[in-house]
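Everything on this sheet refers to the single structure shown next.
Chain naming here is simple, since letters A, B, ... match the order of the sequence lines and numbering starts at 1 in each.
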Amino acid sequence: MLDLKFVRTNPEIVKEALAKRHAEINLDDFLRQEEQRRQLIFEVEKYKAERNKTSDEVARLKKNGENAEHLISLMRDVGAKIKELDQKLSEIDNKMQEVLYTIPNIPHESVPVGKDEKDNLEVRKWEEPRQFNFTPLSHFELGERLDILDFGRAGKVTGARFTFYKGLGAKLERALINFMLDRHSKKGYTEIFPPFIVNRQSMFGTGQLPKFEQDAFKIENTEYFLIPTAEVPITNYHRDEILDAEKLPLSYCAYSGCFRAEAGAAGRDTRGLIRQHQFNKVELVKFSLPENSYQELENLTADAEAILQELGLPYRVVVLSSGDLGFSSAKTYDLEVWLPSFNSYREISSCSNFEDFQARRANIRFRRGLKEKPEYVHTLNGSGLAIGRTVAAILENYQQEDGRVKVPQALQPYMGVQYIE
RNA sequence: GGAGAAGUAGCGAAGUGGUCAUAACGCGCCGCACUCGAAAUGCGGUUGUCCGCAAGGGCACGUGGGUUCGAAUCCCACCUUCUCCGCCA
């Protein structure tokens, strides 16, 4: 959420940002309502001040045993007026909130302006894709042949876009979770195991609601949602708090299941592990001083990259264009891993700086000094990494001609075997 | 799920319809004094937010409604925590 005062005083900047994102929002209507709103506040507060003053007077009169009937009857009208104006004010507030809550974040100046993902820019690349002297199989073919992934039975038991992991497949999934958490906590991220279900307020805090409710799984007859990412519970962990500036940046890593309705993705990536309704992820979250947040974004991205490097998976880093940028993000780097069966790079991590956009929604602040005013922190997060897609990348990149899959060196202590066969 | 109790500043807590919400009192924290220094002691300070150039106002006692000229205080609903019972991995 943007600062209302900022929108009012910098309408041109906001309009330009909306244009860069190809978002259609009528800002002029909004600004007119804002004008009205302030007028109403001014009016109703005048009446309230009068009421407060007169109430004191009534109290004094009654205490002295004098008659206050004339004042009381006067205040009856004032009370009615206040009620009426307050109602008007809350109506206009509600209308404005509907708009304000759907205005996306302003892209950082370093974000390339573009239409969609085709305008994302490659920032760097790590290692060249492996060359095969045989035709590489897809991870789902490998998974089924090795009897470590079972999509068919998941379809029977649950439905499309779910998977059973089995034997060394299940162990690989678990090994990756442990491996990543171990690496990140060694780097100073505090490990957290969060709830996988959150309330509406938390989903609002990180920006999933109100605009993207159709993407979430909501639990019937409750106001609970399955989390689409650990970002939601971890960022909201500090909701409505004032943090100590000396403790910043706070860095957390968390494993969680992730649940996504994938509304609008019908027909895309229907086979394999790439797009599931349920997947596992290790997430990195940071709460940073505003002046350090872009350095922290580089740090966080590097920490996610280190996992890919240790696993020996070729990848590239792209910076998302303004047209592809997520709603809450000011700047995002995607890490894309090489997937031989796709003959292309696919997103395996997304690292974003939200600046104060989430912090304002979730009311997460810090104080520089004892007498200083609280300020909003900057929040960041990134996958470190998506586990299912990492499994897919390992199976495809480490497959051997004989159909076996070599276990990456770094993972062997966690797997206890050198080959999946 | 059932019964009961409670939610007020960083913490503990007073306030049960009006002159007590920059919220009594205590602890903590900050500053000053005293001291060679510290402890102890004394004095002072210590919520956030909104409107406004400012002066000055408004709002907030778990949350949302209601009653009233006026609500921390009365009524209703909900949330959270604690205790006991039931159930359960």
Does [X] put a side-chain nitrogen or oxygen below 4.0 Å from OP1 or OP2 of [N]?
X: A/Lys373; N: B/U47; answer: no
X: A/Asn52; N: B/G18; answer: no
X: A/Lys5; N: B/G52; answer: no
X: A/Arg51; N: B/G58; answer: no

Looking at A/Thr301, A/Leu335, A/Leu284, A/Val337, which hits side chain to side chain contact (heavy atoms under 4.5 Å, CB included) with A/Ser349?
A/Leu335
From the options [options], select the nucleotide whose nearest atom is closest to the side chain of [X].
X: A/Pro374; options: B/C50, B/U49, B/C69; value: B/U49
X: A/Ala59; options: B/C51, B/G18, B/U67; value: B/G18
X: A/Arg365; options: B/U49, B/G70, B/G58; value: B/U49
X: A/Lys62; options: B/G58, B/U67, B/C69; value: B/C69

Pick the nucleotide of RNA chain B nearest each of A/Lys48 and A/Arg60; which residue has the one closer to the 5' end?
A/Arg60
Do any of residues 34-44 of chain A sit with a heavy atom less than 4.0 Å from RNA chain B, and if so which?
A/Arg38, A/Ile41
Syn or anti for B/C20? Use the chi torsion, O4'-C1'-N9-C4 for purines and O4'-C1'-N1-C2 for pyrimidines, with syn inside 90° of 0.
syn
Need one value for A/Arg8: base, sugar-phosphate or nothing, where a base atom within 4.0 Å counts as base even if backbone is also close, heavy atoms only.
sugar-phosphate
